[in-house]
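Take a look at the structure set out below.
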Amino acid sequence: MAPRAVTREQLTSAARAALGRGRRLEAVERVAGGSKKGVYRLVMDDATTAIAYLWDGTENYWPAAEGDDDLTDPFSPGLGLDLFLAAHARLDALGVRVPAIRLVDRDGTHCPADLAIVEDLPGESLEKLLARDPGAAAPVMARLAESLKAMGRHRAPAYGKVAVVDGGGTSRGASCEGVVLDRALRDLAEAASRDSRIAAARERLEERLLILAAAVQPRAEYAVVHGELGPDHVLVDEDGNPVAIDIEGLMYFDVEWEHVFLKIRLHDAYQRLEADGLDEDRLALYMLAQRLSLTAGPLRLLDGDFPNRTFMADIAEYNLKQALDLAQA
């Protein structure tokens, strides 16, 4: 579903409550990149800015699927203010930099959707900094490595979304690797239904997933994992600190899941974030699972009206080829 146009009038009272009633909201600008929630920059008449997050069905480009609202599934969509607040509290407690919260509205006082207004970080993302000046990105990467270590040191006896586990809930499945395998098989089926190359290799890919999953040994403690910590989900503040955004999917999980995603997104730059003691069997399973996810997910998104279609199709194509290569390993 294409996002509705949020008007300045709809956010005026929220902006004034968050940033001071002596200011007037001058403009509302959509920030590019959000696919599950609306992200808007609020510009006041004195040039003060903030970011508004809106969680509303009309702001979500992803086609609805069965189980989307099942929070006991660690991989169900990270949608909603409650998930954001739980993730924000956990990361902040660990000393991981996140945008400061200026206002929370879950009652529709200011806007007919769950709303949070947070600190604006107008600088560039880590992705853009790495592309522009890898040398200047080095201290940011070093600080990001420290944040990852802090997240990895915090352990929980159960896996699942932070909001669920910290609230005393239980997630579905019996293990992280089991949940990943189930999801990978679903992604494989979806991708096969949309692409003949995956369909032709489906049996081989399924066999490879089962072999990799069988090699993984049980684990009883889990780390804090962002889940999609690509360089586009890390902003850089004015002091050169990495700031994690799009945090609603934060969960307790195998740290290898995070590192596989980082390696996929950062390529050679990932070397600055490598961690000791990672489980090679989990890394192998999770790499194939993520390649399948990054094939099926973009193809599913293209079923809707996501605007940047060439970009998303390129992601699917690249990861499809990578998955096929891994099936031969």
Side-chain angles (χ1 to χ4, degrees), residues 1-20 23 25-44 48-62 64 68-69 71 76-93 96-127 161-163 166 226-237 242-251 301 306-308:
M1 179 180 293
R4 60 181 167 77
V6 172
T7 66
R8 187 170 67 186
E9 289 72 24
Q10 288 175 304
L11 290 171
T12 294
S13 65
R16 294 184 66 194
L19 300 174
R23 297 183 173 99
L25 182 61
E26 187 74 22
V28 176
E29 304 167 354
R30 178 177 289 279
V31 177
S35 65
K36 295 179 182 177
K37 64 179 179 289
V39 183
Y40 298 89
R41 176 168 286 111
L42 309 179
V43 183
M44 309 303 283
T48 299
T49 62
I51 296 294
Y53 295 149
L54 283 85
W55 291 273
D56 183 88
T58 59
E59 298 283 358
N60 186 1
Y61 282 107
W62 288 86
D68 277 358
D69 57 354
L71 296 185
S76 62
L79 300 175
L81 179 59
D82 290 339
L83 292 179
F84 170 76
L85 293 174
H88 191 283
R90 173 51 59 206
L91 290 173
D92 188 55
V96 177
R97 178 84 160 88
V98 284
I101 296 174
R102 307 299 190 204
L103 178 139
V104 169
D105 178 16
R106 57 161 49 89
D107 302 318
T109 301
H110 300 286
C111 188
D114 280 353
L115 167 70
I117 295 180
V118 304
E119 167 191 13
D120 186 17
L121 295 146
E124 60 193 337
S125 67
L126 178 58
E127 182 175 45
K161 293 185 182 300
V162 164
D166 284 356
H226 180 287
E228 293 184 340
L229 195 60
D232 55 331
H233 289 165
V234 179
L235 303 181
V236 183
D237 72 12
V243 185
I245 60 170
D246 285 341
I247 59 175
E248 293 94 309
L250 195 78
M251 56 185 175
L301 190 56
F306 186 76
N308 197 347

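Each residue takes its place number in the sequence, starting with 1. Heavy atoms only: backbone and side chains are in, while hydrogens, waters and symmetry mates are out.
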Closest approach of [X] to [Y] (non-hydrogen atoms, all atoms of both residues):
{"X": "V31", "Y": "Y40", "answer": "CG2-C, 4.1 Å"}
{"X": "H110", "Y": "S13", "answer": "ND1-OG, 2.9 Å"}
{"X": "V98", "Y": "A244", "answer": "CG1-O, 3.7 Å"}

(request) Mark yes or no for whether H233, through its side chain, and E228, through its backbone, hold a donor-acceptor pair below 3.5 Å. (result) yes
(message) Please check this pair: side chain of H88 against backbone of P99, looking for a donor-acceptor N/O pair closer than 3.5 Å.
(response) yes
Just how far is it from atom [atom1] of [X] to atom [atom2] of [Y], taken to the nearest 0.5 Å?
{"X": "I247", "Y": "L85", "atom1": "CD1", "atom2": "CG", "result": "8.5 Å"}
{"X": "T49", "Y": "L121", "atom1": "OG1", "atom2": "CG", "result": "9.0 Å"}
{"X": "L91", "Y": "L250", "atom1": "CG", "atom2": "CG", "result": "4.5 Å"}
{"X": "K161", "Y": "E248", "atom1": "NZ", "atom2": "CD", "result": "9.5 Å"}
{"X": "C111", "Y": "I117", "atom1": "SG", "atom2": "CD1", "result": "9.0 Å"}

Side chains of [X] and [Y]: closer than 4.5 Å at any heavy-atom pair?
{"X": "I101", "Y": "F84", "value": "yes"}
{"X": "L115", "Y": "L103", "value": "yes"}
{"X": "Y53", "Y": "V39", "value": "yes"}
{"X": "D82", "Y": "R106", "value": "yes"}
{"X": "I51", "Y": "E119", "value": "no"}

(message) I245 and side-chain contact (heavy atoms from CB on, under 4.5 Å): which single residue from D232, L235, V118 fits?
(response) L235
(message) Going by the rule side chain to side chain donor-acceptor pair (under 3.5 Å), which residues pair with D237 if we only count those two or more places apart in sequence or in a different chain?
(response) R97, N241
(message) So, using salt bridge (charged side-chain N to carboxylate O under 4.0 Å, His left out) as the criterion, who are the partners of D120 when residues are at least two apart?
(response) R41
(message) Tell me whether K37 is salt-bridged to D114, with the criterion being a basic N under 4.0 Å from an acidic carboxylate O.
(response) no
